[in-house]
Amino acid sequence: VRVAVELRRAYRLLNHGPATLVSAAHGSRHNVMAAQWVMPLDFDPPKLAVVVAADTFTRGLIEASGQLCVSLPTVGMADLVWAVGSASSAEVDKLERFHVATTQASKVTAPLIDGCVAWLECEVRPDVALARDHDLFIVEVVAAWADSDVWDGRELHFEGHPEKRTLHHVARGTFFATGERVKANEPG
Ligand SMILES: Cc1cc2nc3c(=O)[nH]c(=O)nc-3n(C[C@H](O)[C@H](O)[C@H](O)COP(=O)(O)O)c2cc1C
């Protein structure tokens with residue numbers, strides 16, 4: 001079940017460094033690409049740093065719409081992540097080609113990618129120099145969702161749902177799956 005995540009806790013969906021799918025839409029065009037370089041930047045309002053290279057088709061949709069979605073794919077979606085991270089939609093619509101099902105987001109036009117375990121709807125805080133010089137987009141999370149199998153309202157937990165673990169890209173289609181949970185003792 002997809003449940004709303006409190007915005008001030010949205011950073012917790014990305015704190016463990018998962019590979020993501022970044023989607024965007026503008027006019028009649030929509031797209032999805034793989035993105036590992038997505039990280040939390042602030043608690044409240046929640047902001048993210050997202051690197052989107054200038055030569056991607058997704059970049060144009062993000063700049064035109066001022067919006068994007070970040071979805072967290074599961075281990076079973078490694079082939080899809082690699083596929084949408086290797087091919088560009090400049091020539092062929094990847095959502096169609098790879099049969100990617102989507103759901104309409106609540107606050108942005110960018111689609112949520114089905115089968116994922118968490119989703120962050122984001123609005124771009126425009127900064128021309130950051131985009132031009134570093135391919136960097138600062139975005140504000142305006143809505144966040146997670147699969148209630150792995151989100152207890154406070155934290156991600158993958159115990160009992162190994163198939164819902166997230167991916168962590170190493171290089172060239174090699175990933176790690178989210179590892180063991182380690183809980184530190186209170187200091188002192
Ligand atoms: C696992 C993975 C992670 C990636 N991370 C990023 C990233 O953080 N930023 C980026 O600009 N491209 C990243 N890429 C490359 C884009 O996904 C790739 O250029 C894609 O083809 C762009 O698609 P588009 O032209 O249809 O937008 C990644 C690729 C893979 C496979």
Side-chain angles (χ1 to χ4, degrees), residues 10-11 13-41 46-102 105 108-141 163-179:
Y11 75 92
L13 301 173
L14 289 168
N15 242 4
H16 66 306
T20 75
L21 296 173
V22 167
S23 53
H26 182 67
S28 61
R29 296 303 309 264
H30 54 197
N31 196 34
V32 62
M33 64 174 255
Q36 179 63 50
W37 292 350
V38 177
M39 67 171 287
L41 203 64
K47 283 181 281 174
L48 313 178
V50 182
V51 174
V52 181
D55 62 355
T56 61
F57 182 69
T58 309
R59 168 85 166 249
L61 298 178
I62 292 170
E63 290 183 324
S65 65
Q67 300 176 332
L68 60 84
C69 278
V70 174
S71 300
L72 269 60
T74 63
V75 284
M77 295 169 75
D79 289 353
L80 177 69
V81 175
W82 181 232
V84 300
S86 306
S88 176
S89 280
E91 297 95 40
V92 55
D93 185 334
K94 281 184 286 187
L95 290 167
E96 268 180 36
R97 176 172 166 196
F98 298 115
H99 311 290
V100 182
T102 62
V108 299
T109 58
L112 308 176
I113 307 300
D114 289 359
C116 288
V117 286
W119 303 263
L120 299 99
E121 303 181 19
C122 304
E123 276 178 12
V124 176
R125 295 272 189 100
D127 188 321
V128 173
L130 276 185
R132 182 192 61 219
D133 297 343
H134 306 288
D135 293 332
L136 177 59
F137 291 83
I138 307 297
V139 302
E140 180 177 337
V141 182
E163 78 289 359
K164 294 192 175 180
R165 287 173 296 163
T166 54
L167 290 163
H168 306 263
H169 194 226
V170 180
R172 293 188 296 171
T174 304
F175 298 87
F176 291 127
T178 300

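Whatever order the structure lists ligands and atoms in, that order sets their numbers, starting from 1. The first residue of the sequence shown is numbered 1, and numbering continues consecutively from there.
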Give the contacting part of [X] toward ligand 1: side chain, backbone, both or neither, where contact means a heavy-atom distance below 4.0 Å.
X   : value
V50 : neither
K94 : side chain
V52 : backbone

Does ligand 1 have an atom under 4.0 Å from some heavy atom of V84?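 For ligand 1, residue contact (heavy atoms, under 4.0 Å) with V84 is present.
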Applying side chain to side chain donor-acceptor pair (under 3.5 Å), which residue pairs with at least one partner in residues 47-66 are found, sequence neighbours left out? N31-T58, R59-E63, R59-D135
Close-contact set for ligand 1 against N31 heavy atoms, below 4.0 Å: 24 (P), 26 (O), 27 (O)
Please could you name the atoms of ligand 1 that V51 approaches to less than 4.0 Å, counting only its heavy atoms?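 That gives atoms 7 (C), 8 (O), 9 (N), 10 (C), 11 (O) of ligand 1.
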Specify whether H168 and H16 have parallel, tilted or perpendicular ring planes, treating 30° as the upper limit for parallel and 60° as the lower limit for perpendicular. perpendicular
Run through L72, T20, L13, T74 and flag the one making a side-chain contact (heavy atoms from CB on, under 4.5 Å) with T166.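 Among L72, T20, L13, T74, the one that satisfies the side-chain contact (heavy atoms from CB on, under 4.5 Å) with T166 is L72.
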For atom 30 (C) of ligand 1, state which one of A34, A87, S88 supplies the nearest heavy atom.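 That would be A34.
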Just go through G85, A35, A24 and tell me whose heavy atom is the nearest to atom 29 (C) of ligand 1. G85
Counting only heavy atoms not in W82, do more than 12 fall under 6.0 Å of its CH2? yes
Answer yes or no: does atom CZ of F98 have more than 12 heavy-atom neighbours from other residues, nucleotides or ligands under 6.0 Å? yes
